[in-house]
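What follows is a short report on a single structure.
Note that ligands are numbered from 1 as they come in the structure, with each ligand's atoms numbered from 1 the same way.
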Amino acid sequence: MRERPVPKDQEIKLGEEEFIVSKTDTTGKITYANRVFMEISGYGERELLGVQHNIIRHPDMPRALFKLLWDTLKEKKEFFGFVKNLCKDGSYYWVFANITPDIDNEGRVVGYYSVRRQAPISAIRTVEPIYREMVRIEKGAGGVKQGIAKAQGYLQDLLQSKRTDYEKFALELYG
Ligand SMILES: Cc1cc2nc3c(=O)[nH]c(=O)nc-3n(C[C@H](O)[C@H](O)[C@H](O)COP(=O)(O)O)c2cc1C
């Protein structure tokens with residue numbers, strides 16, 4: 001098993017013109033990473049290729065959000081959302097991510113493609129406490145599945161009270 005970096009309270013920011021690009025196979029293993037991805041995450045190409053994209057998963061991210069991400073992709077839809085990622089040295093970066101299925105001529109999903117930009121500070125301020133509460137719910141649920149379901153319920157209730165869904169909410173926050 002690969003050793004997980006120990007998270008530290010240091011934020012890395014993408015430049016205004018910078019975007020992170022990666023591609024995966026259908027199982028989420030990285031098949032392409034652009035230079036910005038490597039520079040920001042601190043991983044070299046050889047450390048990334050063939051490895052699950054959760055290599056940069058931050059423990060502050062709720063599992064329910066990744067469930068939403070994968071459920072969306074499995075429906076052959078694109079996902080928009082905010083993700084906090086973990087660098088090799090333990091620092092973190094917040095992105096606004098767009099992830100799309102890569103579909104061949106016969107309509108088969110052959111992989112996934114993702115582009116990410118710096119998340120606006122105002123969006124991070126809004127999303128962070130929501131994710132924190134979701135992680136708290138997940139940890140207190142007494143089981144992974146129950147935790148995801150409860151955190152999903154919490155997010156859904158919150159979005160419903162604002163008469164929106166996660167995609168609209170995320171796109172509006174990105175501005
Ligand atoms: C194209 C693509 C890009 C992804 N980008 C990220 C990412 O930037 N950060 C992240 O934590 N997970 C990302 N994921 C989701 C991971 O595959 C994984 O589901 C997530 O890190 C949670 O880890 P787990 O499924 O092992 O719990 C991406 C998935 C795909 C298909």
**Prompt:** Taking the six-membered ring for Trp, are the ring centroids of His53 and Phe37 within less than 6.0 Å of each other?
**Reply:** yes
**Message:** For Asp104, I'd like to know if atom CG has over 12 heavy atoms of other residues, nucleotides or ligands within 6.0 Å.
**Reply:** yes
**Request:** Tell me, yes or no, whether the heavy-atom count around Lys13 atom NZ, taken from other residues, nucleotides or ligands under 6.0 Å, exceeds 12.
**Result:**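 Above 12, so yes.
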**Complete:** Taking only non-hydrogen atoms of Ser114 and a 4.0 Å limit, the atoms of ligand 1 in range are 1 (C), 3 (C)
**Message:** Give the atom numbers and elements of ligand 1 that come within less than 4.0 Å of a heavy atom of Ile56.
**Reply:** 7 (C), 8 (O), 9 (N)
**Asked** Heavy-atom contacts under 4.0 Å between Arg116 and ligand 1: side chain, backbone, both, or neither?
**Response** side chain
**Asked** Just heavy atoms, cut-off under 4.0 Å: does Asn85 contact ligand 1 by side chain, backbone, both, or neither?
**Response**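 The answer is the side chain of Asn85.
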[options]: member with heavy atom nearest to [atom]:
{"atom": "atom 17 (O) of ligand 1", "options": "Phe66, Phe37, Tyr113, Trp70", "result": "Trp70"}
{"atom": "atom 16 (C) of ligand 1", "options": "Arg57, Lys84, His53", "result": "His53"}
{"atom": "atom 23 (O) of ligand 1", "options": "Asp25, Leu69, Asn54, Thr26", "result": "Asn54"}

**Message:** Set out, in order, the CA-CA distance, both residues' side-chain angles and the distance that settles salt bridge (Lys or Arg N to Asp or Glu O under 4.0 Å) for Glu47 and Lys88, then state yes or no.
**Reply:** CA-CA 10 Å; Glu47 292 172 288; Lys88 188 177 181 179; 2.5 Å; yes
**Message:** A side-chain contact here means heavy atoms from C-beta on lying under 4.5 Å apart; do Tyr131 and Leu65 qualify?
**Reply:** yes
**Spacing of CD1 belonging to Ile148 relative to CE belonging to Met134, to within rounding of 0.5 Å** = 9.5 Å
**Request:** Taking atom 11 (O) of ligand 1 as the reference point, report whether a protein heavy atom occurs under 4.0 Å from it.
**Result:**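 Under 4.0 Å from atom 11 (O) of ligand 1, at least one protein heavy atom found.
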